[in-house]
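Just below is one structure, and these are the notes that go with it.
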Amino acid sequence: MLVNLAPTEAQKEAGNYKKHHISFQGLPITIENPKGSIRKGKGWQVRVPYDYGYIKRTRGADGDHVDVCIGPDHQSDHVFIVDQHDHRTGQFDEHKVMLGYRTKEDAKRAYCAGFSDGRGDDRMKGMVRMTMPEFKTWLRFLDTKKPVKRQSHIDRALEIATVYRKHHDRDAG
């Protein structure tokens with residue numbers, strides 16, 4: 001269990017407070033807010049429903065590291081990337097990476113629970129599923145500062161399988 005060390009506002013601003021460091025399937029991650037701790041910003045606060053932090057040695061669209069929310073299943077090889085947009089302007093903001101979730105529905109539910117204003121759905125303008133190897137390639141070689149526009153191979157395969165199954169079921173009946 002991670003302990004909330006409750007840094008001061010000045011420490012948070014400077015980023016010089018004690019953080020926890022873990023490895024998630026080989027990804028070096030810094031945990032800024034352990035599950036159950038209070039995360040707050042200007043005019044908002046939320047009790048985080050997951051361990052929240054960032055992937056070290058990455059750079060996201062907001063100029064900081066790529067954010068990560070870690071769910072309960074550390075064996076899941078699914079990675080869900082949320083293209084987060086400002087809910088007021090509709091402009092792309094940054095990615096939130098959901099690790100440790102088996103299904104897109106679980107990842108979406110957890111993502112939305114991370115907002116105290118209930119506007120998670122308004123911020124989510126797409127979610128892409130990748131395998132861990134695809135995700136590591138995306139982090140290393142592709143543009144992490146832009147929305148993930150195209151779905152990964154696994155999502156395309158699942159979509160094709162669903163369409164096939166619908167046609168097959170219809171033809172069989």
How about [X] and [Y]: does a side-chain donor come under 3.5 Å of a side-chain acceptor?
X   : Y    : result
Q84 : D93  : yes
K56 : H21  : yes
H95 : D83  : yes
H85 : R123 : no

Looking only at atom types and distance, does a side-chain atom of [X] sit under 3.5 Å from a main-chain N or O of [Y], one as donor and one as acceptor?
X    : Y    : answer
T30  : G53  : no
S116 : Q45  : yes
S76  : Y101 : yes
K145 : D62  : no
T144 : L139 : no

Measure across [X] and [Y] and return the closest heavy-atom pair with its distance rounded to 0.1 Å.
X    : Y    : result
D77  : Q25  : CA-OE1, 4.2 Å
D106 : T103 : N-OG1, 3.0 Å
G120 : C112 : C-SG, 3.8 Å

Exercise for the section: Could you tell me the separation between the CG atom of D51 and the CD1 atom of I22, rounded to the nearest 0.5 Å? Expected result: 6.5 Å
Handout entry: R39 CZ to W44 CH2 distance, which is reported to the nearest 0.5 Å
Key = 4.0 Å
State, with a plain yes or no, whether a side-chain heavy atom of [X] is found less than 4.5 Å away from one of [Y].
X    : Y    : result
I29  : L99  : yes
R57  : P28  : yes
Y52  : I31  : no
M124 : V82  : yes
V148 : M130 : yes
N33  : Y50  : no

Residues [X], [Y]: salt bridge by 4.0 Å N-O rule:
X    : Y   : value
R102 : D73 : yes
D86  : R88 : yes
K96  : E94 : yes

Handout entry: Set of ring-ring contact (aromatic ring centres under 6.0 Å, His included) partners for H74, sequence neighbours left out
Key =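 Applying ring-ring contact (aromatic ring centres under 6.0 Å, His included) to H74 gives F24.
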Is there a path of hydrophobic side-chain contacts, each under 4.5 Å between heavy atoms of I/L/V/M/F/W/Y residues, joining [Y] to [X]?
X    : Y    : result
F141 : M132 : no
L27  : L142 : yes
Y54  : F135 : no

Handout entry: Audit row: I38, V46, side chain to side chain contact (heavy atoms under 4.5 Å, CB included) steps and yes/no
Key = CA-CA 6 Å; I38 301 295; V46 67; over 6 Å; no
Problem - Test log, rule side chain to side chain contact (heavy atoms under 4.5 Å, CB included), inputs K108 and F80 - result: CA-CA 9 Å; K108 180 179 180 179; F80 300 95; over 6 Å; no
Exercise for the section: Apply side chain to side chain contact (heavy atoms under 4.5 Å, CB included) to Y111 and M98, showing your working. Expected result: CA-CA 8 Å; Y111 169 81; M98 310 300 288; 3.8 Å; yes
Exercise for the section: Decide yes or no on side chain to side chain contact (heavy atoms under 4.5 Å, CB included) for C69 and V97, but give the supporting numbers first. Expected result: CA-CA 6 Å; C69 308; V97 176; over 6 Å; no
